[in-house]
Amino acid sequence: MKDKQTISCDLLIIGAGFAGMVAAARASSLGLKTVQVGNSSTLFLVSGLFDLLGVYPITSGQSLHSPATGLERLRIDNSRHPYSKTGYIKILESLNFLKFFLAAAGLDYQSNNNENYLVLTAAGTFKPSFMVPKTFIKGCGIKQGSKRLLLIDFNGLREFSAKQIANVIQDAGSDVSVLTIEIPAVSSTLNPIQLANLFEDIQFLKFLSKKISPFSKKTDLVGFPAVCGLNKSLETIGKLEEMTGLDCFEIPGMPPSLPGLRLKNAFEKQLSQNNVIFLNNSKIESHEFKNHQFILNAATQNMNTQITTKGVILASGRFPGCGLHAKRELITETVFNLPVFQPETRNKWYHLNFFNPEGHAINQAGLETDDAFRPVAQNNAPAFKTLYAVGSILAHNDWVRLKSGSGVSCVTAYSAVNDFYNSVSGRDTNV
Amino acid sequence: MKFAYFPGCKISFYMQDYGISFKALMETLGVELIRLPFNCCGYPARKRSFEVSMLSSIKNLALAGKYDLDIITPCKCCFGQLKHASYWYEQNPALKEKIDGFLAQENLSWDGKSHIKHLLSFLHADFGIRALEKRIQKKLPGKKMAVQYGCHALRPFSITGFDNPYAPKIFEELLSVTGVKPVEWSKSTECCGNPIFNGNPELSLKILQNKMETARDAGADYICTACTHCQMQYEMTQYQKQLNNHSLPAILFTQILGAALGINNNLLSLSGKLPLALFP
Amino acid sequence: MFESALCISLIISISGVIFQLHRFRRNRQFLTWGKCGYHTNFFFHIKGFILNTFLQIKLFKAGKIRWSFHFLLFLSFLYLVIIHALHDVTASVWFNSYGPMVDPYPFLRNLAGLLALTGCIGFLIRKRFNHMIFQDKRIKYKGIFSILLILMIVGSGFLLEASKIISEPVFMEMVDMYSDLNKGTELLDLKLFWKENFNVVFAQTIEATREGLEKGRRLNENYCLYCHSNIRSAFLSSTLAKIIHFAGNRLNRYRIDIWFYNIHYMLCLLLLICFPFSRLFHVLLIPFASSRQNLTKDTFRENKAFINIAFLHACTNCGYCSQVCSVYPNFQITGNQDVLPHSKIESVKTMIENPGAVNHWHLHAGNDECTMCGNCTEICPSGIDLQSLWSVLDKKLVFMGYGDNNRFIKDMSLKEWAKKEDVSIGLSHRDALTSNLSDMADAFENCIQCTICTNVCPIVDYDSNQNDITPHQVMNLLRLGKKHLATGTRMVWTCLTCYACQEHCPQEIRVTDILIELRNTGSVSADLIKQVSRPIRRINR
């Protein structure tokens with residue numbers, strides 16, 4: 001027989017991806033008693049870069065220099081996009097909140113005067129991103145500069161090849177050299193965390209700087225894969241700079257990514273300190289709404305938790321996060337069975353051309369909401385007064401193509417929690 | 001409050017200090033402990049036979065159920081194993097039938113009603129941290145301690161329901177009550193290495209060594225444990241010369257809390273001695 | 001003739017003790033590995049002697065009923081040996097008033113005999129109805145010989161006494177020896193008195209007259225009473241005498257009392273001779289066995305546990321150790337008797353004397369289940385340091401090449417292991433229950449090979465040189481249907497079971513549970529493979 005427990009709280013957050021984490025962060029900062037259910041491991045797979053709007057319009061095929069200009073056009077083109085329901089200022093405010101929240105957990109993010117950085121990636125491309133970890137900054141914008149670059153990779157660390165990056169960016173005319181480091185007494189394969197653990201050892205840093213020293217004359221800038229320490233990456237980069245006398249930075253790579261894990265750890269540490277109750281791997285199995293309160297049953301394998309809450313933030317994500325479920329002919333929402341905006345029939349889900357620049361219809365599917373991000377029922381009125389949907393589950397939001405995932409998640413979560421707080425407390429967060 | 005006390009196999013021989021300090025602690029807090037003829041929790045057998053470990057566990061649970069008692073244990077491996085068993089028993093009808101057959105031979109049956117508590121979750125959730133604060137007789141000097149969470153209680157959360165598996169804090173909160181200062185230690189939720197001590201002692205000690213070093217780097221002077229196996233593992237360092245330079249003394253949580261509650265040293269340790277610097 | 005028989009028996013008995021001790025010494029090496037594992041010092045432990053041999057305190061703690069039976073048997077038999085059998089050198093010297101037929105000695109003798117009989121019967125009943133002991137063929141009949149011998153000695157003693165009571169020849173011998181009466185009416189009166197009061201059976205018919213009885217009583221007072229109390233105080237024998245009274249004449253004719261005397265005496269000699277070779281030897285060994293509880297957690301960690309083989313023979317197969325054994329459920333499932341201490345100690349004894357008769361793999365498997373909780377050592381009424389024994393046994397078996405499955409698989413290359421797949425195919429038909437994960441596609445097909453499990457695995461991190469494949473690769477092997485191969489990988493066998501992978505899996509796959517299940521399956525395969533293979537190293541004598 002399963003154990004039973006009951007929790008009552010102000011706000012329940014369903015989902016522990018990026019949007020769920022921001023919502024929990026905002027809610028706990030506002031002093032709401034918060035419970036979060038979900039699986040936070042997917043954060044391990046994110047790049048750790050916060051994109052606001054990287055491309056607009058999609059057909060331009062160009063990275064966007066300033067998101068503000070793109071947003072203006074987006075608001076005109078697509079009034080149903082989540083960004084169109086919030087102002088530019090609100091987006092900046094939410095990202096700023098996030099920056100301070102993470103800084104408290106020891107994770108430093110930086111933005112570029114409201115313009116996009118161009119971050120060098122492991123593919124050798126430059127990805128537009130709005131806010132990036134401080135350890136990446138020195139690698140941003142090297143395209144324009146004339147700095148001589150040294151790229152480091154490690155024997156055994158797969159999915160990161162300095163040579164590949166060098167080949168791509170050398171074509172763009174940069175001066176790039178490559179160094180592959182072989183770590184003694186380590187077998188054929190290395191995973192990112194193993195390397196990150198090594199980076200926390202001062203002896204290893206000494207060993208590295210010794211390897212790099214022959215290049216110190218012919219290079220200005222050293223690029224590492226993003227594995228430079230798990231807990232104190234900035235400090236580690238600082239030590240490396242001190243030892244080598246060169247500027248150092250990290251290059252984001254393929255998942256599982258260390259910047260994502262740092263982000264996950266920072267959120268978890270800070271939320272735990274803010275007394276957010278986190279029920280990992282719990283599933284909402286039933287829900288009812290009465291007397292202005294939700295009563296939900298969150299089940300793990302061995303425990304049923306009855307949660308009584310005033311409000312719910314649905315940040316359950318799309319198909320991988322199981323927020324949406326695709327049946328043969330129909331896409332459904334899994335927790336509250338809310339109506340899902342979707343193509344009429346299955347054959348309209350995809351374009352025949354996979355790389356069609358306009359994207360696929362299914363990517364626009366999701367929950368439709370009012371201006372406060374409350375999902376609406378069939379009659380276009382909010383399904384519940386205090387149920388909000390945030391993050392990638394929202395409709396009209398092809399975040400992959402617009403490179404706007406983090407921004408949408410961040411601002412919708414932030415606004416939804418603010419709205420809930422205002423409606424419950426009668427106070428205004430804007431004041 | 002009344003509990004069936006489940007000491008686990010190792011306490012009676014390897015970790016007597018833990019047993020007596022646990023009992024003294026519970027007595028001071030007004031918790032009555034009932035001794036029942038429990039057998040092994042089933043954790044050691046789990047790596048050999050699923051069936052054996054399940055029968056062992058369920059037999060214990062049934063025994064506690066017979067007296068209508070909840071189980072409390074100071075060992076995290078016992079705690080985790082009993083939790084696992086209570087889950088699998090419901091999952092596998094064939095297993096259930098087989099176990100019920102053995103239970104019936106001894107006039108036992110299990111209805112799933114007895115709950116399993118670990119020392120820490122009991123103190124934090126049931127006894128209450130505020131109530132505990134009121135009982136503190138003397139604040140201990142603010143020594144810096146790293147806490148070892150213990151895998152089998154912490155993970156998997158969906159079975160044990162112990163604490164947030166990624167950023168747990170009940171141990172630190174309980175420790176802070178005594179005046180001791182817990183340090184932030186990135187490896188506090190990582191395994192101590194004890195489960196493979198018999199099969200692969202070199203690796204087990206390598207893990208231990210790394211834990212000691214990182215704990216020291218994190219600024220800790222001591223390591224605090226609340227699990228029989230973890231404490232056994234940390235005490236291994238005394239027998240490994242190569243670790244002596246790195247080793248930190250490990251102290252049982254029950255001794256620390258006991259001292260703060262004003263329990264006599266003789267009731268907390270067989271030798272009557274606790275580390276001097278910590279308990280002046 | 002009796003004296004020389006006694007002397008010979010004594011010599012045999014003493015040389016038997018010496019022989020046994022020598023044998024233990026000679027066999028000591030069978031419990032050693034390398035330079036450790038034994039000691040041959042004997043310390044006679046006064047405390048152990050008083051508490052365990054004499055008062056049997058540990059037995060008292062273990063079981064009150066058994067203690068009462070055992071203690072009564074022990075005490076009464078001790079009384080019989082010292083006061084009755086050796087009265088020439090003990091009681092007659094110590095007590096002025098002592099006489100075998102002077103009150104209260106006949107009564108005490110009968111009482112002691114009765115208690116001894118009760119003890120023996122209690123023993124036999126327990127032996128039959130204790131299922132744990134009765135199940136094990138090897139110890140089912142152990143100790144029965146000694147008990148039956150005691151039973152027969154006491155029984156023959158009673159018969160002897162009863163036959164003496166009714167015996168006319170004995171009466172006449174006594175009259176000849178202690179009186180000057182002969183053939184007169186006085187003798188007739190005395191006979192009458194004895195016939196009426198003491199149940200003696202006379203061939204001739206004696207007419208009972210009140211006068212004659214009165215005279216007989218006075219004669220009895222004059223001649224007999226001084227060293228022959230009323231026969232009724234020997235309550236059991238006199239009752240027995242009444243029962244055999246009807247056949248008295250015939251019995252007297254054949255001098256059945258002499259027969260019984262010879263039997264009684266010979267049985268006693270037999271007991272003396274068998275002492276070093278039977279269960280009775282435990283009386284002598286317990287004070288030695290109780291002398292050493294050498295295992296502390298330090299000695300165990302430093303591999304310095306040791307045990308004297310002689311102490312194994314202090315075991316009385318009482319079975320208390322198994323009743324409190326922490327891993328009794330392991331026996332219930334596996335049916336391996338070598339899990340249980342009382343049975344395991346027999347296997348060890350056999351292993352020392354006749355290694356061929358023991359299944360060493362079985363013994364190791366049983367001993368491997370032991371959690372070293374110390375319950376058996378705590379309760380052992382003989383005070384044997386069982387925990388040290390298990391520890392030493394474990395090391396010895398490993399030394400002999402009978403290691404655990406982890407070692408067994410480690411010593412085999414993965415390629416070789418993969419070839420044994422046919423063994424594991426039979427496994428799907430066996431009735432052992434598992435957590436049913438590694439055969440169910442549902443349990444692992446959702447794996448997206450994101451490698452988070454591998455990244456968070458401490459084994460992958462710390463043991464990159466020794467470890468072969470990583471958790472996400474194990475999941476992949478399962479998807480490829482290579483379950484047997486997976487069960488032989490280092491990853492499965494060095495897994496810490498810390499559940500980091502399972503907790504972190506974004507697809508909520510029960511990675512650790514699967515690894516543990518694979519280890520269980522691998523363990524069963526290994527057991528099957530072992531059955532047809534030899535130990536890795538030959539037995540080192």
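Because only heavy atoms are used, hydrogens play no part in the values below, and waters and symmetry mates are left out as well, while side chains stay in. Below, chain A is the first sequence line, B the second, and so on; all start at residue 1.
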Check the surroundings of atom [atom1] in [X]: do more than 12 heavy atoms from other residues, nucleotides or ligands lie under 6.0 Å from it?
| X | atom1 | answer |
| --- | --- | --- |
| B:Lys96 | NZ | yes |
| A:Phe319 | CZ | yes |
| A:Glu242 | CD | no |
| B:Lys206 | NZ | yes |

Please identify, among A:Asn281, A:Thr305, A:Asn280, A:Leu279, the residue contributing the most non-hydrogen atom pairs under 4.5 Å to chain B.
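Among the listed options, the one with the most contacts to chain B is A:Asn280.
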
Among the options A:Leu271, A:Asn275, A:Val276, pick out the one with the most heavy-atom pairs lying under 4.5 Å from chain B.
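With the most close heavy-atom pairs to chain B, the winner is A:Asn275.
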
Which atoms of A:Gln273 come close to chain B, meaning under 4.5 Å heavy atom to heavy atom: side chain ones, backbone ones, both, or neither?
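Backbone of A:Gln273 only, per the 4.5 Å heavy-atom cut-off to chain B.
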
Check each atom of A:Asn197 against the heavy atoms of chain B and say whether the ones under 4.5 Å are side chain, backbone, both or neither.
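For A:Asn197, side-chain heavy atoms alone lie under 4.5 Å from chain B.
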
Taking all non-hydrogen atoms of both residues, which atom of [X] and which atom of [Y] are closest, and how far apart?
| X | Y | value |
| --- | --- | --- |
| A:Ser272 | B:Lys169 | O-NZ, 2.6 Å |
| B:Phe157 | A:Phe278 | CZ-O, 4.1 Å |
| B:Ile159 | A:Asn302 | O-ND2, 3.0 Å |

Ignoring hydrogens and angles, tell me if any N or O in the side chain of B:Ser158 forms a donor-acceptor pair with the backbone of A:Thr300 under 3.5 Å.
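Pair absent, no side-chain N/O of B:Ser158 close to backbone of A:Thr300.
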
Rounded distance [0.5 Å steps], [atom1] in [X] versus [atom2] in [Y]:
| X | Y | atom1 | atom2 | value |
| --- | --- | --- | --- | --- |
| A:Lys4 | B:His115 | NZ | NE2 | 8.5 Å |
| B:Lys83 | A:Met303 | NZ | CE | 6.5 Å |
| A:Lys2 | B:Glu90 | NZ | CD | 10.0 Å |

Contacting region of B:Glu184 [heavy-atom separation from chain A under 4.5 Å]
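Just the side chain, heavy atoms under 4.5 Å.
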
